[in-house]
Protein chains: 2
Amino acid sequence: MKLDTYSQSTPEVAETNTINTAKTATTEQSGKDFFVQNTCKDKKDSEGHGVCPLRELLSRLGDKWSVLLILTLARMPGERARFSELKRSLPDISQRMLTATLRNLERDGLISREMFAEVPPRVEYQLTELGVSILNPMREIVTWIEGNWTTIITSRETFDKKNPKEENGLQ
Amino acid sequence: MKLDTYSQSTPEVAETNTINTAKTATTEQSGKDFFVQNTCKDKKDSEGHGVCPLRELLSRLGDKWSVLLILTLARMPGERARFSELKRSLPDISQRMLTATLRNLERDGLISREMFAEVPPRVEYQLTELGVSILNPMREIVTWIEGNWTTIITSRETFDKKNPKEENGLQ
DNA sequence: CTGAATCCTTAGTGATACTG
DNA sequence: CAGTATCACTAAGGATTCAG
């Protein structure tokens with residue numbers, strides 16, 4: 001027997017509540033909506049493309065090494081370096097992940113790859129124009145993080161203190 | 001029997017190669033290095049903090065819903081909305097993920113949570129000052145993605161055409 | 001040197017059902 | 001309404017080994 005205590009809406013607070021539900025939808029161009037709004041599925045279409053650009057690109061930038069790799073490459077002379085240099089600059093990255101990340105970034109056109117048919121193989125990676133163009137927005141995020149990191153840490157500590165659950169975070 | 005064909009460095013191309021290895025390290029403040037450089041481990045210290053702020057925050061922004069949620073909240077009047085409104089705005093998110101993402105963002109201090117002890121429970125979430133402050137850098141990334149999305153798609157297509165492997169991407 | 005191939009572990013995510 | 005709890009699945013990531 002389900003008590004109806006928590007039905008759709010109680011008499012006194014019908015439909016629209018304290019906070020207005022504000023159909024502000026029309027105030028935004030529906031172009032933006034494509035990126036943020038409802039229709040944003042992660043399913044791939046017939047071509048194999050993701051259908052949510054924002055989410056897909058974001059998750060690329062959010063993956064473990066892409067940003068670090070781009071920033072590392074940006075610090076190299078000519079925004080250019082070879083495989084082993086990158087490996088040295090990011091000691092914690094596994095060879096497998098370095099290869100894979102480079103490959104994905106190349107696929108997206110952010111870096112270019114040049115292979116030299118020498119006896120000890122040499123491969124050089126370089127930020128493309130597209131890759132360079134993302135540096136500024138990227139650096140703004142980095143700057144923001146640098147500037148607010150301690151604030152965030154503090155926030156976490158007080159939060160964890162007030163919520164002394166076993167384990168925090170996802171799951 | 002290992003042939004020594006690929007030893008450290010071949011005679012004619014010793015140590016420093018075509019591309020100079022440029023110890024440009026000194027040209028960068030070592031503060032930056034903390035974020036990008038070698039010492040960047042993902043291990044947690046005794047307190048449970050990640051030791052690589054950049055990576056950690058980036059992966060938060062890169063997770064499936066954080067950015068979408070922040071942007072959605074930013075579009076609400078007063079950068080404020082209740083749980084069910086957010087759920088409606090992001091129909092594809094599961095309740096579990098909405099709860100978890102909101103919780104993480106609250107923990108980081110990007111959003112605040114206010115609970116009302118009413119009979120049908122009401123909880124309102126709002127971007128904090130910190131949360132609002134990340135909107136601009138975030139929007140720059142979004143803008144960049146919007147502006148370069150088709151370029152990236154094109155790049156991927158040509159790449160996949162030239163590399164007709166079974167499946168691309170990681171793994 | 002620069003990868004590719006395998007194997008394996010686990011974190012992220014979704015579906016579903018239950019609760020105050 | 002706003003969550004929690006469980007379970008199950010997948011994909012991301014690491015370690016290691018093999019190869020041109």
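Quick note on labels: first sequence line is chain A, next is B, and so on, each numbered from 1.
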Extract all donor-acceptor atom pairs below 3.5 Å that involve side chains of residues 127-136 of chain A and protein atoms in other chains or at least two apart in sequence.
residue : atom : partner : partner atom : Å
A:T128  : OG1  : A:G109  : O            : 2.6
A:T128  : OG1  : A:L110  : O            : 3.1
A:T128  : OG1  : A:L130  : N            : 3.3
A:T128  : OG1  : A:G131  : N            : 3.0
A:S133  : OG   : A:L130  : O            : 2.6
A:S133  : OG   : B:W144  : NE1          : 2.9

Query - Partners passing side-chain contact (heavy atoms from CB on, under 4.5 Å) against A:S94 (at least two apart in sequence or in another chain) - result: A:R96, A:M97
Query raised in the report: Residues in side-chain contact (heavy atoms from CB on, under 4.5 Å) with B:T158, at least two apart?
Result: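 side-chain contact (heavy atoms from CB on, under 4.5 Å) check on B:T158 returns nothing, list empty.
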Give a yes/no on whether any side-chain N or O of [X] is located under 4.0 angstrom from OP1 or OP2 of [N].
{"X": "B:R122", "N": "D:dA2", "answer": "no"}
{"X": "B:R96", "N": "D:dA5", "answer": "no"}
{"X": "A:Y125", "N": "C:dG3", "answer": "yes"}
{"X": "B:K64", "N": "C:dG14", "answer": "yes"}
{"X": "A:S84", "N": "C:dT2", "answer": "yes"}
{"X": "B:R60", "N": "C:dA11", "answer": "no"}

**Report entry** Residues forming a side chain to side chain donor-acceptor pair (under 3.5 Å) with B:E114, sequence neighbours excluded
**Finding:**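 Checked B:E114 against side chain to side chain donor-acceptor pair (under 3.5 Å); matches are B:R80.
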Query raised in the report: Quick one: side chain to side chain donor-acceptor pair (under 3.5 Å) partners of B:S66, sequence neighbours excluded?
Result: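 Scan of B:S66 (side chain to side chain donor-acceptor pair (under 3.5 Å), adjacent residues dropped) gives B:D63.
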Query raised in the report: How many Å lie between CG on B:D63 and P on C:dT10, as a whole number?
Result: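 My rounded result for the distance is 22 Å.
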Requested in this report: Take the protein atom NZ of B:K87 and the nucleotide atom P of D:dG3, then report the distance between them rounded to whole Å.
Outcome: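 Roughly 13 Å, once rounded to whole Å.
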Query raised in the report: To the nearest 0.5 Å, how far apart are CD in A:Q95 and CG in A:L98?
Result: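 Spacing of CD (A:Q95) from CG (A:L98) equals 7.5 Å.
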Query - Reported OH-to-CD distance for the pair A:Y125 and A:E85, which is rounded to 0.5 angstrom - result: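 Here the interatomic distance stands at 12.5 Å.
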Query raised in the report: Looking at C:dT2, C:dG14, D:dC1, which one has an atom nearest to any side-chain atom of B:P121?
Result: D:dC1
Query raised in the report: To the side chain of A:R82, which of C:dC1, D:dA2, D:dT4 is closest?
Result: C:dC1
Report task. Report the residue (A:Q95 or A:G62) whose heavy-atom-nearest nucleotide on DNA chain D is the more 5′ of the two. Result -> A:G62
Report task. Five pairs at each end of the helix from C:dC1-D:dG20 to C:dG20-D:dC1: take the axis at both ends and give me the angle between them to 10°. Result ->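 One end's axis against the other's: 40°.
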